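This structure is a prediction, so every number in the text was calculated from the model and none was measured.
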Amino acid sequence: MKAVITTIKNIFWLYKPYLKYGKILVILSLIFWIIIIPVAQLVGVYLPSTVISFLENGRPFRDIVIYIIVMQFILMFQPMYENIFNLFCKNKMLPLIDARLKQDVYEQAIKTDYKYIDDPEYYDNYTWAVGQYSGKAEEAQNLVNRFSSSAITIVSMLTIIAMLSPLAVIVTVVGTIIENILHMITNYYDVEKDTEIVPYDRKLGYHHRVFYTNNYAADLKSTNLKEYLLEDYTEASNQKIKIIKRYARKMIPSALSVSLTFYIARTFVMVNIAYSIFTGDISTVGAYMTMMLAVEALKNALNEMFYYVKDANRLGMYAKRIRAFFDVESSIEPDTENKLPAPS
């Protein structure tokens, strides 16, 4: 729990510069992500089912056309807002914030005691801060926006589904959690595989350079050296393929289980909704469509939320490294009175 709190603090530490230097960017971004995107999601879920309900109830065709046009205008507002925001705000503010953050790093370096200047660890932290601070602050701002948007979407979709079929909520949430756990297992083996392959990729890269450069051309053409190199190249390739095959056997159960879990959960939800219509708990085909679209939107939002949680952990580690530069304590008081004027 302490690690989670630390990660959250580190992310908001990265987010603070945007509140300081780009308030208008933050406000307009939040409007887009926590209002416009969720509203567009709701319109997308309700539009087809409402049209079907109008047709079932015998509403005049003119009313249906007007409703569709109004809803399309609402949906069209999302890309229009995003394009205007990018052109007139984001594209201008991001370079400005980037410059301000780099200036913060330089000012911190100026304030730091001389004893740190030749310290390799301090220099590494300085280089890391200059190279990563701006980019990771932008990532933190995007993470906060997208996480908030996904949370609102999840709540709204859960509300829609729970009103029609609470059991579908449970199946969708549990199924998505299981899928993500299985994905994590697959990714773990994938990383292990890539790590084990590294020495053989390095050896294959060496052979690539030998056969490509003209430094070794004469020796390769006039001696049997090429035979040994080709034999070693084949051996390295075979070893790499053996590793890939070995990890494929490890990963296939979890990879297949992901698909199996997805289709079992999807089938159950469809049967559950169909049964609700059959028994009269859900009265219209439009409601069925609303449920299916809401389930898909919920599933996508849950998958995004899992991704953002994993990304938050990575971003928190970056923030910790960047903060190490700013957290350096300088015991020597800077001389603010007897400074030489800068050369003109």
Side-chain angles (χ1 to χ4, degrees), residues 7-45 47 69-110 125-154 156 297 300-301 303-326:
T7 297
I8 293 172
K9 287 181 178 178
N10 284 335
I11 289 172
F12 276 98
W13 179 83
L14 283 174
Y15 185 68
K16 278 197 303 183
Y18 273 78
L19 297 175
K20 181 179 179 181
Y21 299 124
K23 288 187 178 68
I24 187 66
L25 177 69
V26 170
I27 293 169
L28 294 177
S29 295
L30 288 174
I31 289 172
F32 179 75
W33 286 104
I34 70 176
I35 298 177
I36 296 175
I37 291 289
V39 168
Q41 289 269 15
L42 288 172
V43 171
V45 166
L47 176 57
I69 292 173
V70 171
M71 292 300 105
Q72 290 302 321
F73 268 109
I74 294 174
L75 290 172
M76 187 174 62
F77 182 72
Q78 175 190 333
M80 289 176 61
Y81 181 97
E82 186 174 12
N83 288 333
I84 293 171
F85 168 71
N86 288 339
L87 289 171
F88 292 99
C89 181
K90 187 176 179 180
N91 292 349
K92 178 182 70 174
M93 292 296 298
L94 287 182
L96 175 63
I97 295 171
D98 176 73
R100 293 285 176 82
L101 293 182
K102 283 185 170 62
Q103 183 175 328
D104 286 348
V105 175
Y106 301 146
E107 289 176 353
Q108 175 67 21
I110 292 170
N125 290 338
Y126 167 75
T127 305
W128 189 270
V130 170
Q132 300 288 339
Y133 188 24
S134 176
K136 298 311 171 187
E138 183 181 355
E139 285 185 33
Q141 194 252 350
N142 288 330
L143 180 66
V144 170
N145 290 339
R146 294 174 183 274
F147 190 92
S148 303
S149 181
S150 294
I152 292 172
T153 299
I154 288 170
S156 59
N300 291 336
N303 282 328
E304 288 173 359
M305 189 69 82
F306 272 99
Y307 172 79
Y308 297 146
V309 169
K310 289 184 286 186
D311 198 42
N313 182 58
R314 177 191 63 83
L315 199 56
M317 289 188 287
Y318 273 97
K320 182 180 179 181
R321 180 73 183 272
I322 296 168
R323 290 187 74 169
F325 170 75
F326 287 95

Kindly compute the distance separating CD1 (Ile69) from CE (Met76), expressed to the nearest 0.5 Å.
11.0 Å
Could you check whether any side-chain N or O of Ser149 sits under 3.5 Å from a backbone N or O of Asn145, counting only pairs where one atom can act as donor and the other as acceptor?
no
For Tyr308 and Phe147, take the angle between the two ring planes, folded into 0 to 90°, and tell me which bin it lands in: parallel under 30, tilted 30 to 60, perpendicular over 60.
tilted
Testing the basics here: between Lys9 and Arg323, what is the closest heavy-atom pair and its distance to 0.1 Å?
O-NH1, 4.3 Å
With sequence neighbours left out, which residue pairs that include part of residues 15-39 fulfil the salt bridge (Lys or Arg N to Asp or Glu O under 4.0 Å) condition?
none
Which residue pairs pass the salt bridge (Lys or Arg N to Asp or Glu O under 4.0 Å) test when at least one of the two sits in residues 88-99, sequence neighbours left out?
Asp98-Lys102
Taking the side chain as everything from C-beta on, heavy atoms only, tell me whether Val26 gets closer than 4.5 Å to Tyr15.
yes
Of all heavy-atom pairs between Leu75 and Gly44, which one has the smallest distance, and what is that distance?
CD2-N, 4.4 Å
Which residues satisfy the salt bridge (charged side-chain N to carboxylate O under 4.0 Å, His left out) test with Glu139, sequence neighbours excluded?
Lys136, Arg314
Rounded to the nearest 0.5 Å, how far apart are CG of Leu315 and CG of Asn10?
9.0 Å
So, taking the atom named CD1 in Ile37 and the one named OG in Ser148, what distance separates them when rounded to the nearest 0.5 Å?
12.5 Å
Quick check: do Ile97 and Ser134 have side-chain heavy atoms less than 4.5 Å from each other?
no
Any donor-acceptor pair under 3.5 Å from Asp311 side chain to Tyr307 backbone:
no
Would you mind reporting whether Ile74 and Met71 have side-chain heavy atoms less than 4.5 Å apart?
yes
Using side chain to side chain donor-acceptor pair (under 3.5 Å), reason through Glu82 and Gln78 one step at a time and then give a plain yes or no.
CA-CA 6 Å; Glu82 186 174 12; Gln78 175 190 333; 4.9 Å; no
Note, Arg100 side chain near Pro17 side chain (heavy atom, < 4.5 Å):
no
CD on Glu304 to OG on Ser150, rounded to 0.5 Å
4.5 Å
Before we go on, tell me: are the rings of Tyr133 and Phe325 under 6.0 Å apart, centre to centre?
no
Where do Thr7 and Gly316 come nearest, in terms of heavy atoms and distance?
CG2-CA, 4.2 Å
Taking every heavy atom of Ala137 against every heavy atom of Leu101, the minimum-distance pair comes out as CB-CD1, 3.8 Å
Start with the C-alpha gap between Val130 and Tyr106, add the side-chain angles, then the distance that decides, and say whether side chain to side chain contact (heavy atoms under 4.5 Å, CB included) holds.
CA-CA 8 Å; Val130 170; Tyr106 301 146; 4.1 Å; yes
Checking side-chain polar atoms at under 3.5 Å, does Gln41 have a donor or acceptor matched by the opposite partner on Thr153?
no
Got Leu47 and Gln72 here, is their nearest side-chain heavy-atom distance under 4.5 Å?
yes
Does some side-chain heavy atom of Leu94 sit less than 4.5 Å from a side-chain heavy atom of Leu25?
yes
Within this structure, what is the CG-CZ distance for the pair Leu19 and Phe12, rounded to the nearest 0.5 Å?
9.0 Å
Can you tell me how far apart CG (Leu28) and CG (Asn86) are? Round to the nearest 0.5 Å.
11.0 Å
Kindly indicate whether the side chain of Met93, heavy atoms from C-beta on, has any atom under 4.5 Å from the side chain of Tyr21.
no
Report yes if the side chains of Phe32 and Tyr81 come closer than 4.5 Å at any heavy-atom pair, otherwise no.
yes
Pair Val105-Phe326, side chain to side chain contact (heavy atoms under 4.5 Å, CB included): steps then yes or no
CA-CA 8 Å; Val105 175; Phe326 287 95; 3.8 Å; yes
